[in-house]
Each structure stands twice: as C-alpha cells, then as structure tokens.
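The block underneath contains the structure these notes are about, expressed in structure tokens.
Numbers here simply count residues along the sequence, with the first being 1. Remember, predicted model here, so these are calculated numbers, not experimental data.
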Amino acid sequence: MAVKEKKTQVTTFILIILLIIAAGVLYWIYFLKPALAKISDLREGNLKEEQAIAALEEKLAQKELIEQEWEIAREKESYLLAKVPEEAALPEVLGALEKLVFSTALSLEELSGYEFEDGEKYRFIPVTLRVEGKVDELLALLEKIEQFAHQTISKHVRLEDLKDGNHLLDLDFDLIFNLEGQDRTMGIAEEQEEQD
C-alpha cells in the first residue's frame with residue numbers, strides 16, 4: 001500500500017509539475033512574449049522621440065543664427081525685387097543693356113533679344129550676345145553683365161581663342177521680368193540713382 005501511495009504521490013507530483021510547466025508556457029506565449037514585444041516597440045518609439053527632441057533642441061540653440069539668415073534672405077529678396085523690372089520697363093532695360101555693350105571697345109557681332117517666355121515664377125527674355133576683342137575687355141564685359149542693374153541668369157558662356165590674338169565671347173542669358181509677388185515697377189530713374 002505504501003508503494004501504491006508513493007506511486008500516486010509521484011504521479012500527482014509529476015502532474016503538478018507538468019501543469020506548472022504548461023501554465024508557464026501558456027503565460028509566456030499569451031502574456032510575457034507580447035508584453036516584451038510591446039516594451040521593445042515602446043523603447044524604439046521612445047528613442048525616436050528622444051532623437052526628435054534632440055534635433056529640435058539643436059535647432060532651438062541655433063535660433064538666433066536662423067533668424068539672422070532669414071533677415072538676410074528677406075533683405076536680399078527686397079533687393080532682387082527692386083532689380084527685376086516689370087514688362088512695361090522693357091525699352092529702358094534693353095536701352096541700358098545696349099548702352100552697356102556699346103560703351104566697350106569691343107567688336108559687336110550679335111546682340112539679339114527674343115520674345116517673352118514664362119519661367120516658374122517669372123517671365124524672361126532670352127538674349128544672345130557675341131562680341132570680339134581682347135580677353136581682358138571681354139571678361140570685364142562679362143562681369144558687367146553679371147552685375148547688370150537688372151537681374152540676369154547666364155545660360156551659356158563660351159570664350160573662343162581666335163587666330164589674330166583676339167577672342168570671341170559667345171553668351172546666352174535671360175533678362176528676368178515680373179517676379180511672382182512683385183508689387184512695384186523698376187524704372188530708369190531708380191537705376192540711375194543707384195549708379196550715382
């Protein structure tokens with residue numbers, strides 16, 4: 001009898017251990033594993049939030065610098081808007097360009113302005129200029145065109161060495177008109193004031 005009782009106790013003990021193991025496995029599968037996965041996701045989300053906060057703190061530390069750059073950009077925008085004429089000022093702009101080109105001792109081969117075209121936020125006139133002369137004078141003219149009182153965008157520049165010691169400057173650029181949001185006209189009087 002004692003052996004039978006012992007066998008029953010051992011069987012009961014093994015059954016209890018198996019139930020505990022089964023409960024542990026079920027607890028792991030249905031509760032602990034999903035909880036650990038959620039904790040891992042929360043840690044990743046927390047890390048991303050901390051990185052975003054660090055980036056914002058870095059930008060906040062640069063607030064004064066960003067405000068200064070913004071102010072410079074606003075001043076430059078006003079300057080550019082003042083340099084961009086409206087379409088009604090076309091004769092004055094072309095006259096100023098011709099005056100600039102003819103004031104040099106260079107030999108003019110071609111100066112052509114074409115019809116208005118539309119850009120993304122502005123209208124422009126494509127201009128082709130071909131002049132011949134000494135390389136120093138050509139470079140001086142190129143610099144003057146880049147600093148022209150009205151905004152220009154160079155598209156094609158080619159400096160060709162000719163056999164007689166002269167060079168040929170072949171230049172294509174756009175004269176910009178009517179920037180989007182422009183609310184004033186650039187006149188020849190303002191241009192002359194700036195040159196004085």
Side-chain angles (χ1 to χ4, degrees), residues 1-87 93 114-128 139 142-143 145-160 169-186:
M1 265 217 148
V3 175
K4 219 177 189 180
E5 251 179 57
K6 245 185 172 181
K7 242 183 175 180
T8 308
Q9 284 178 348
V10 170
T11 306
T12 306
F13 183 69
I14 290 172
L15 189 60
I16 290 171
I17 289 175
L18 287 174
L19 283 172
I20 291 172
I21 290 172
V25 169
L26 289 173
Y27 181 75
W28 168 258
I29 291 172
Y30 291 108
F31 296 103
L32 198 55
K33 192 175 177 184
L36 289 174
K38 283 184 183 179
I39 289 171
S40 176
D41 290 344
L42 288 173
R43 281 187 181 152
E44 277 184 41
N46 192 23
L47 181 64
K48 287 179 183 175
E49 291 297 324
E50 286 175 359
Q51 290 172 343
I53 289 169
L56 289 173
E57 286 174 345
E58 185 179 328
K59 282 186 180 180
L60 187 60
Q62 298 175 351
K63 178 184 175 197
E64 288 183 26
L65 178 64
I66 291 170
E67 286 176 347
Q68 289 173 353
E69 289 175 354
W70 177 253
E71 192 60 36
I72 290 169
R74 286 184 57 211
E75 289 173 8
K76 189 174 182 180
E77 179 186 26
S78 299
Y79 171 78
L80 290 176
L81 285 175
K83 295 294 178 190
V84 178
E86 296 226 2
E87 294 172 26
V93 174
Y114 303 96
E115 292 183 12
F116 276 106
E117 294 183 24
D118 292 324
E120 274 189 41
K121 296 187 176 188
Y122 58 88
R123 297 196 79 205
F124 65 94
I125 291 183
V127 177
T128 298
L139 292 176
L142 184 59
E143 186 176 340
I145 289 175
E146 288 174 355
Q147 296 172 355
F148 187 54
H150 302 292
Q151 191 64 25
T152 61
I153 296 177
S154 297
K155 295 192 302 190
H156 166 80
V157 179
R158 193 175 111 207
L159 192 61
E160 184 181 330
L169 174 65
D170 188 2
L171 173 65
D172 291 322
F173 62 95
D174 293 335
L175 280 174
I176 308 300
F177 288 81
N178 258 6
L179 279 181
E180 186 176 285
Q182 183 176 5
D183 58 356
R184 52 181 293 223
T185 302
M186 176 69 186

If I take atom CD from residue Glu49 and atom CG from residue Leu42, how far apart are they, to the nearest 0.5 angstrom? 11.5 Å
How many angstroms lie between atom CG of Asn46 and atom CD of Glu44, to the nearest 0.5 angstrom? 11.0 Å
One should read off an interatomic distance between Ile145 CD1 and Glu143 CD, to the nearest 0.5 angstrom, of 11.0 Å
Are there over 12 heavy-atom neighbours, none belonging to Glu67, within less than 6.0 Å of that residue's CD? yes
Are Val10 and Ile14 side-chain neighbours, meaning at least one heavy-atom pair lies under 4.5 Å? yes
Minimum heavy-atom distance between Asp174 and Pro126, given as atom pair plus value: OD1-CA, 3.5 Å
Checking the side chain of Ser40 only, and the main-chain atoms of Leu36 only, is there a donor and an acceptor separated by less than 3.5 Å? no
Would Ile39 and Arg43 satisfy side chain to side chain contact (heavy atoms under 4.5 Å, CB included), going step by step from the backbone distance to the final call? CA-CA 6 Å; Ile39 289 171; Arg43 281 187 181 152; 4.0 Å; yes
Under the side-chain hydrogen bond (donor to acceptor under 3.5 Å, both in side chains) test, which residues partner Gln62, sequence neighbours left out? none
In the structure I gave you, are the side-chain heavy atoms of Leu142 and Leu171 within less than 4.5 Å of one another anywhere? yes
Please determine whether a side-chain nitrogen of the Lys or Arg among Lys48 and Glu50 lies less than 4.0 Å from a carboxylate oxygen of the Asp or Glu. no
Look up atom CG in Asp172 and atom CZ in Arg158, then write down how far apart they are to the nearest 0.5 Å. 10.5 Å
Euclidean distance, Ile21 CD1 relative to Ile16 CD1, rounded to 0.5 Å: 12.5 Å
Interatomic distance, Leu159 atom CG to Leu139 atom CG [nearest 0.5 angstrom]: 6.0 Å
